[in-house]
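Here's the structure we're looking at; comments come further down.
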Amino acid sequence: MITDALDAREFKYFEDADGDIGGNFQGNLIYFFRIGQQQEVLQVRAMVQHLFGMDEVPRLYEFCNAWNHDQLFPKAYVHVNDDGTVLVVGEVISDWEKGVTPEQLDQVIIAAVATSVQLANEVAELRQSS
């Protein structure tokens, strides 16, 4: 159903070796994971393209806290990579234990992608101001 929804919107995507679906949306990597015991939960995870140094972590925490206070989604958090680079990740989760219609899935996907790109744009502004 996820690929059907992406196809219907003519979004370009890929499927990796683990079967995870992802795409590049305005330079930001967005994955569509099915998680849960019965894969009944959709997790849309956006890795914002802009990297920061460890010295920027307090400012990124402040940004994410403000974003999460003011925005319904995606939930934003700071992620430190093994190499010491830091990025902001956005996440939208929908639990469909009782099922989902194609229309519901489409609405969550388009909202998650649009708001993740909005998050990425604001992180880009933050990056430019550093």
Side-chain angles (χ1 to χ4, degrees):
M1 285 180 73
I2 295 168
T3 57
D4 289 345
L6 295 170
D7 287 339
R9 294 227 175 237
E10 298 182 359
F11 288 156
K12 302 292 183 223
Y13 61 89
F14 59 86
E15 190 169 334
D16 68 15
D18 296 327
D20 297 322
I21 300 163
N24 183 320
F25 295 86
Q26 296 184 5
N28 305 287
L29 184 59
I30 299 179
Y31 271 99
F32 305 87
F33 296 112
R34 291 176 52 200
I35 60 176
Q37 288 182 340
Q38 299 173 353
Q39 296 190 329
E40 73 280 12
V41 177
L42 173 66
Q43 178 190 54
V44 182
R45 186 183 306 159
M47 277 72 75
V48 173
Q49 67 178 312
H50 302 284
L51 295 177
F52 296 83
M54 288 295 294
D55 58 324
E56 296 282 355
V57 168
R59 190 163 75 114
L60 293 173
Y61 281 149
E62 185 178 314
F63 169 82
C64 288
N65 285 341
W67 173 273
N68 292 334
H69 179 269
D70 296 338
Q71 304 295 326
L72 181 59
F73 50 80
K75 179 187 297 179
Y77 59 92
V78 176
H79 177 80
V80 178
N81 293 316
D82 291 340
D83 66 1
T85 58
V86 181
L87 71 148
V88 173
V89 176
E91 183 178 82
V92 175
I93 296 179
S94 299
D95 184 348
W96 287 316
E97 182 178 350
K98 304 294 183 189
V100 62
T101 67
E103 293 81 11
Q104 289 169 318
L105 180 61
D106 176 66
Q107 285 300 303
V108 168
I109 286 176
I110 193 64
V113 168
T115 58
S116 293
V117 169
Q118 179 186 357
L119 171 65
N121 290 340
E122 291 197 26
V123 170
E125 290 177 19
L126 187 67
R127 178 78 176 122
Q128 292 173 357
S129 69
S130 61

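Values below: every heavy atom of this structure, side chains too, minus hydrogens, waters and symmetry copies. These figures come from a predicted structure and were not determined experimentally. Heads up: numbering here begins at 1 and tracks the sequence.
- A distance of 9.0 Å separates CG in Asp106 from OG1 in Thr101, rounded to the nearest 0.5 Å.
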Test side chain to side chain donor-acceptor pair (under 3.5 Å) applied to Asn81 and Thr85, step by step: CA-CA 5 Å; Asn81 293 316; Thr85 58; 2.9 Å; yes
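- Taking every heavy atom of both residues into account, Ala120 and His50 meet most closely at O-CD2, 4.2 Å.
- Taking CH2 of Trp96 as the start and CZ of Arg34 as the end, the distance is 11.0 Å to the nearest 0.5 Å.
- For the pair Asn68 and Pro74, the tightest heavy-atom approach, listed with the atom from each and the gap, is OD1-O, 4.0 Å.
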List, one per line, each side-chain donor-acceptor pair under 3.5 Å for residues 14-22, sequence neighbours excluded.
{"from": "Asp16", "atom 1": "OD1", "to": "Asp18", "atom 2": "N", "distance (Å)": "3.0"}
{"from": "Asp16", "atom 1": "OD1", "to": "Gly19", "atom 2": "N", "distance (Å)": "3.1"}
{"from": "Asp16", "atom 1": "OD1", "to": "Asp20", "atom 2": "N", "distance (Å)": "2.9"}

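- Heavy-atom contacts from other residues, nucleotides or ligands closer than 6.0 Å to CG of Asp83 number more than 12.
- Side-chain contact annotation: Asp7 with Tyr13, donor-acceptor N/O pair under 3.5 Å present.
- Between Val48 and Asn28, the shortest heavy-atom contact is CA-OD1, 3.6 Å.
- By the 6.0 Å contact criterion, CD on Glu62 is open, its count of non-hydrogen atoms from other residues, nucleotides or ligands being 12 or less.
- Hydrophobic clustering, with ILVMFWY side chains joined whenever heavy atoms are under 4.5 angstrom apart, groups Ile2 together with Ile110.
- Cluster annotation: Leu60 and Val89 are assigned to distinct hydrophobic clusters (Ile/Leu/Val/Met/Phe/Trp/Tyr, side-chain heavy-atom contacts under 4.5 Å, transitive).
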